[in-house]
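A short write-up of the structure that comes next.
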Amino acid sequence: MDRMILIKYGELSTKKGNKNFFIKTLYNNVKNKLKNFDVKINKDSARMYIEFRDEELDDIKRVIDKIFGIHMYHIAYIVDTNIDDIKKMTLDVIKNFNFKSFKVETKRSFKQFPTDSLETSRIIGGYILKNINDISVDVHNPDLLIKIEIRDNNSFIYLNEYCGSGGYPVGTQPKGFLMLSGGIDSPVAGYLAMKRGVSLEAVYFEAIPHTSLEARNKVIDLTRKLTEYVDSINLHIVNFTSIQEAIYKNCREDYCITIMRRMMYRIMERLVKERGGYVIINGESIGQVASQTLVSMSVINEVTNVPVIRPVACLDKLEIIDISKKIGTYEISILPFEDCCTVFVPKHPVINPNSQVAKFEENKFDYMSMIDEAIKNLYTVKVKCEEKTNFSELL
Ligand code: ATP
Ligand code: MG
């Protein structure tokens, strides 16, 4: 019996005008992620169909579970669209199951099929009752729900449904630049932005020798974890040492974090504009630390007009941790290496900074030329998804 993976689009099929673009992006993403498997992928406006080899199914499911834009899928048996074949195949599919009650649900998108959905369900149900003893139909709470989809050439029979990760296909939105530290929040912010279809580039500010190479490797590992949802992510590493030292040498101690973050935002704005992005994304969460009070956020944010998306702004830390555990970044994030925010923490950072004071303090040194220098010296690592997708090769 031949089977196929039947993908339902869900939320993206509500995007009327853009539907084809969404489906095409999803198709390309699926094709790309399954390139190491022996599969054949087809699509129409309602479904995507993947032919696969049985021994690769579990591995393919693992990959599909991380492709955004897939809300539901089924492993379906394929049969020619005629009632005799459908009846027989349905019986073959279910006869090894142990059940006392069942229900047949038919969806008929091929309107030329001679019987309507209800009638078709009735015919198939009757055939099952005639061929299997001691079972009955239960339309409310059946042991076995048999779904039939009647389409023009092929029809499908399935008993299962698997949830995909939802969201929109990555690439249906243009690029956003993620401020990625080694902490718990920012990888979660990146994951949530990708889930809405945003293509990511990541930016890490480091202050060697105050921060270590281990801290950098940790950020590379976090980026790699995020590539499980895409093909690759460019990680831009900014040398922030001289800016950070200048801040601590010249500025009022309680304003150091406010000013440091204004500098980060200025650099982010430059990168977004120079590299064709549209938004800055970060892991700020309202009230979490002094620099994330609403007053701090507004004083920090005033240095740029580029929109700043804060996907975890309104989540509790425990909710963020739950997501980070689910996506596997938590274990990496809690490794002890410090990033540049944690090495220069003032004793009493200002909670309600004043914009004029921040400007006055930061104008004590020539930060523009330092920002130019940092951008000139930036280097980029293309982090690729290393997951061995063709698991069967290992056998
Ligand atoms: P995280 O928020 O990732 O858990 P954190 O809480 O230590 O780390 P904060 O000091 O709260 O980081 O900074 C808020 C946000 O600013 C981070 O979520 C991240 O988006 C960004 N950020 C902070 N430090 C860096 C850095 N060194 N490089 C890039 N982005 C950073
Ligand atoms: Mg944080």
Side-chain angles (χ1 to χ4, degrees), residues 177-194 200-229 233-245 247-248 253-254 256-261 263-264 267-268 281-293 296 300 310-313 315-349 351 374 378-381 383-387:
F177 279 67
L178 171 69
M179 300 170 69
L180 185 61
S181 67
I184 292 170
D185 306 328
S186 48
V188 172
Y191 162 84
L192 291 173
M194 285 194 289
L200 280 193
E201 305 226 353
V203 182
Y204 169 56
F205 296 88
E206 67 177 5
I208 285 175
H210 310 293
T211 61
S212 61
L213 283 177
E214 281 96 337
R216 180 197 292 174
N217 285 334
K218 178 175 159 183
V219 175
I220 293 175
D221 286 346
L222 285 170
T223 310
R224 184 167 298 114
K225 201 75 202 160
L226 292 178
T227 62
E228 288 178 10
Y229 303 88
I233 295 176
N234 284 336
L235 171 66
H236 307 288
I237 299 178
V238 179
N239 183 336
F240 204 53
T241 311
S242 53
I243 296 175
Q244 203 150 20
E245 285 175 353
I247 296 171
Y248 282 85
E253 194 194 341
D254 56 344
C256 283
I257 296 274
T258 313
I259 294 168
M260 182 187 80
R261 299 196 61 76
M263 298 300 164
M264 285 184 179
I267 294 176
M268 292 302 297
I281 299 156
N282 68 32
E284 289 172 348
S285 177
I286 300 172
Q288 195 184 79
V289 286
S291 60
Q292 289 165 33
T293 63
S296 282
I300 292 164
R310 302 174 175 89
V312 302
L315 298 187
D316 288 350
K317 192 75 188 188
L318 286 178
E319 293 170 312
I320 302 173
I321 288 176
D322 274 353
I323 301 175
S324 75
K325 285 184 174 164
K326 191 182 91 187
I327 64 176
T329 52
Y330 182 75
E331 293 304 319
I332 307 170
S333 293
I334 57 172
L335 294 172
F337 317 113
E338 301 194 287
D339 79 14
C340 67
C341 284
T342 41
V343 286
F344 291 97
V345 184
K347 268 196 219 73
H348 299 292
I351 289 171
L378 160 142
Y379 73 92
T380 301
V381 188
V383 182
K384 287 190 80 76
C385 179
E386 260 189 3
E387 194 184 20

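Reckoned from all heavy atoms, side chains included, excluding hydrogens, waters and symmetry mates.
- Between the side chain of Ser186 and the backbone N or O of Ser181, at least one donor-acceptor pair lies under 3.5 Å.
- Counting heavy atoms from C-beta outward, Tyr191 and Lys326 have side chains that approach closer than 4.5 Å.
- The existence of a salt bridge linking Lys325 and Asp322 is excluded, since no basic side-chain nitrogen approaches an acidic carboxylate oxygen closer than 4.0 Å.
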(Q) Ile267 vs Phe240, test: side-chain contact (heavy atoms from CB on, under 4.5 Å). Steps then yes/no. (A) CA-CA 10 Å; Ile267 294 176; Phe240 204 53; 3.9 Å; yes
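- How far CG of Leu192 is from CD1 of Ile327: 7.5 Å, rounded to the nearest 0.5 Å.
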Q | side-chain contact (heavy atoms from CB on, under 4.5 Å) between Met264 and Ile300, intermediate numbers included | A | CA-CA 9 Å; Met264 285 184 179; Ile300 292 164; over 6 Å; no
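- For Tyr330, there are no ring-ring contact (aromatic ring centres under 6.0 Å, His included) partners, not counting sequence neighbours.
- Considering only heavy atoms from C-beta on, Ile208 comes within 4.5 Å of Leu213 through its side chain.
- For the residue pair Ser296 and Ala290, the shortest heavy atom distance occurs at OG-O, 2.7 Å.
- Contact check for Ile323 versus Glu319: no side-chain heavy atoms found under the 4.5 Å cut-off.
- Within the 4.5 Å cutoff, side-chain heavy atoms of Val289 are placed close to those of Gln292.
- Nearest approach of His210 to Glu245, heavy atoms of both residues: NE2-OE2, 2.7 Å.
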Q: Show your reasoning for whether side-chain contact (heavy atoms from CB on, under 4.5 Å) applies to Arg261 and Glu284.
A: CA-CA 11 Å; Arg261 299 196 61 76; Glu284 289 172 348; 2.9 Å; yes
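- The side-chain heavy atoms of Ser333 and Pro187, taken from C-beta on, include a pair separated by under 4.5 Å.
- Across all non-hydrogen atoms, the minimal contact from Leu200 to Leu226 is CD1-CD1, 4.5 Å.
- Rounding to the nearest 0.5 angstrom, the gap separating the CG atom in Leu222 from the OH atom in Tyr204 is 10.5 Å.
- Here the closest heavy-atom approach between residue Val312 and residue Gly283 is recorded as CG2-O, 3.5 Å.
- From Ile320, atom CD1 reaches atom OG of Ser285 across 4.0 Å, with rounding to the nearest 0.5 Å.
- Atom CD1 of residue Ile233 and atom OG1 of residue Thr380 lie 13.5 Å apart, to the nearest 0.5 angstrom.
- Evaluation of the salt bridge (charged side-chain N to carboxylate O under 4.0 Å, His left out) rule for Lys225 yields Glu228 as partners, not counting sequence neighbours.
- Annotation for Ala374 and Ile243: closest pair CB-CD1, 4.3 Å, computed over non-hydrogen atoms.
- Distance check: Met179 CE to Asp185 CG gives 12.5 Å after rounding to the nearest 0.5 Å.
- Within a 6.0 Å radius of CD1 in Ile220, other residues, nucleotides and ligands contribute more than 12 heavy atoms.
- One distance of note links NZ of Lys218 with OG1 of Thr329; it measures 11.0 Å at 0.5 Å rounding.
- Aromatic ring pairs are classed by plane angle as parallel below 30°, tilted from 30° to 60° and perpendicular above 60°; the pair Phe177 and His236 is parallel.
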Q | Steps toward side-chain contact (heavy atoms from CB on, under 4.5 Å) verdict (Val219, Arg216) | A | CA-CA 5 Å; Val219 175; Arg216 180 197 292 174; 5.8 Å; no
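- Taking both residues in full, the closest heavy atoms of Ala189 and Asn282 are given as CB-O, 3.4 Å, listed atom of the first, atom of the second, then distance.
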